[in-house]
Amino acid sequence: MPADAAALERPELGHLAKWSVSSHKYGYGVENLKDGNEATFWQSEGPQPHIIDLSFPKRVFISAVSLHTSHARDDSYTPSRISIRAGTGLHDLQEVRLQEFNKPDGWLHIPLRPMDSADEEVEGPPIPCHHIRILIIANHLNGKDTHVRGLRVFGAAQSNPNVASPERSEEATPSKGQGLSDGKRLLELGHDGRSGFTSQAFKMHEWIR
């Protein structure tokens, strides 16, 4: 899904965060990631992996991240493999997505907790966090430094039926025969996909930091 389309369906949260990068070439800093201009870009200048950090002052619920890349213009500077990690801070980051690309060009929309549907990958429940980190692990043709032309971070859209929010997870469970996978049914019940706790007693405290 293009980032422009995504922005119409869910809130963009990047303006709430403090942004930083692991390194940058003079004149190609972190501000180029969020200026909305696809002709500008952040260029790293250091050893891999190259890192983009977004730190939020309070907990947010993130459903997806969008990156803008251009293989046609950036060649060996184009990311080919990234890792996305989330947590309450730098001390407890957990990998939530590992994604590979083949000569990407344009906006890459990456759901953080994807669920398979009949014909495409859709967004599952958003991930609560205070910090999100994007690591560029490898570039096209084993390039050393990287170019990223834009970054957007999205919350969940309450009106999107394909996105389950923490509030919606408390609703009635789907009836038998609807064709949902076990994983999707668990997510709609409020299961986080990792722990074994689904009881009301545990869920009362699931967002405690």
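Numbers here are sequence positions counted from 1.
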Are [X] and [Y] connected, step by step, through hydrophobic side chains (Ile, Leu, Val, Met, Phe, Trp, Tyr) whose heavy atoms are closer than 4.5 Å?
X: Leu67; Y: Ile137; answer: no
X: Val153; Y: Ile84; answer: yes
X: Leu54; Y: Ile51; answer: no
X: Ile132; Y: Leu151; answer: yes
X: Ile62; Y: Val96; answer: yes

With sequence neighbours left out, what residues match His131 under ring pair (Phe, Tyr, Trp, His ring centres under 6.0 Å)?
none
Can you measure from [atom1] ([X]) to [atom2] ([Y]) and round to the nearest 0.5 angstrom?
X: Gln43; Y: Glu45; atom1: CD; atom2: CD; answer: 7.0 Å
X: Gln48; Y: Leu135; atom1: CD; atom2: CG; answer: 11.0 Å
X: Cys129; Y: Gln94; atom1: SG; atom2: CD; answer: 12.5 Å
X: Thr69; Y: Leu108; atom1: OG1; atom2: CG; answer: 4.5 Å
X: His15; Y: Lys34; atom1: NE2; atom2: NZ; answer: 11.5 Å

Side chain to side chain contact (heavy atoms under 4.5 Å, CB included) involving [X] - partner list, sequence neighbours excluded:
X: Asp35; result: Asn32, Asn37, Thr40
X: Gln99; result: Ile82, Arg97, Phe101, Ile110
X: Asn142; result: none

Going by salt bridge (charged side-chain N to carboxylate O under 4.0 Å, His left out), name the pairs with one or both residues in residues 128-151, residues two or more places apart or in two chains.
Asp53-Arg133, Asp74-Arg149
Using side-chain hydrogen bond (donor to acceptor under 3.5 Å, both in side chains) as the criterion, list what pairs up with [X], not counting sequence neighbours.
X: Ser70; result: Arg73, Asp105
X: Ser80; result: none
X: Asn139; result: Thr146

Short side-chain to backbone donor-acceptor contact, Trp19 and Gly14, under 3.5 Å:
yes
His130 side chain to Arg59 backbone, donor-acceptor under 3.5 Å:
yes
Partners meeting salt bridge (charged side-chain N to carboxylate O under 4.0 Å, His left out) with Glu31 (sequence neighbours left out)
none
Closest contact, heavy atoms only, Ala156 versus Pro11
O-CD, 3.6 Å
Taking every non-hydrogen atom, the tightest pair across Pro128 and Phe61
CB-CE2, 3.6 Å
In the hydrophobic clustering that connects Ile, Leu, Val, Met, Phe, Trp and Tyr at side-chain heavy-atom distances below 4.5 Å, which members other than Tyr77 occupy its cluster, ordered by chain and number?
none
What residues join Leu90 in its hydrophobic cluster, counting side-chain heavy atom gaps under 4.5 Å, either direct or through other members?
Leu93
Which residue pairs pass the ring pair (Phe, Tyr, Trp, His ring centres under 6.0 Å) test with at least one member in residues 21-46, sequence neighbours excluded?
Tyr28-Phe41, Phe41-His147
Before giving the answer on side chain to side chain contact (heavy atoms under 4.5 Å, CB included), spell out for Glu123 and His109 the whole-Å C-alpha distance, their side-chain angles and the decisive distance to 0.1 Å.
CA-CA 10 Å; Glu123 294 175 15; His109 190 68; 3.0 Å; yes
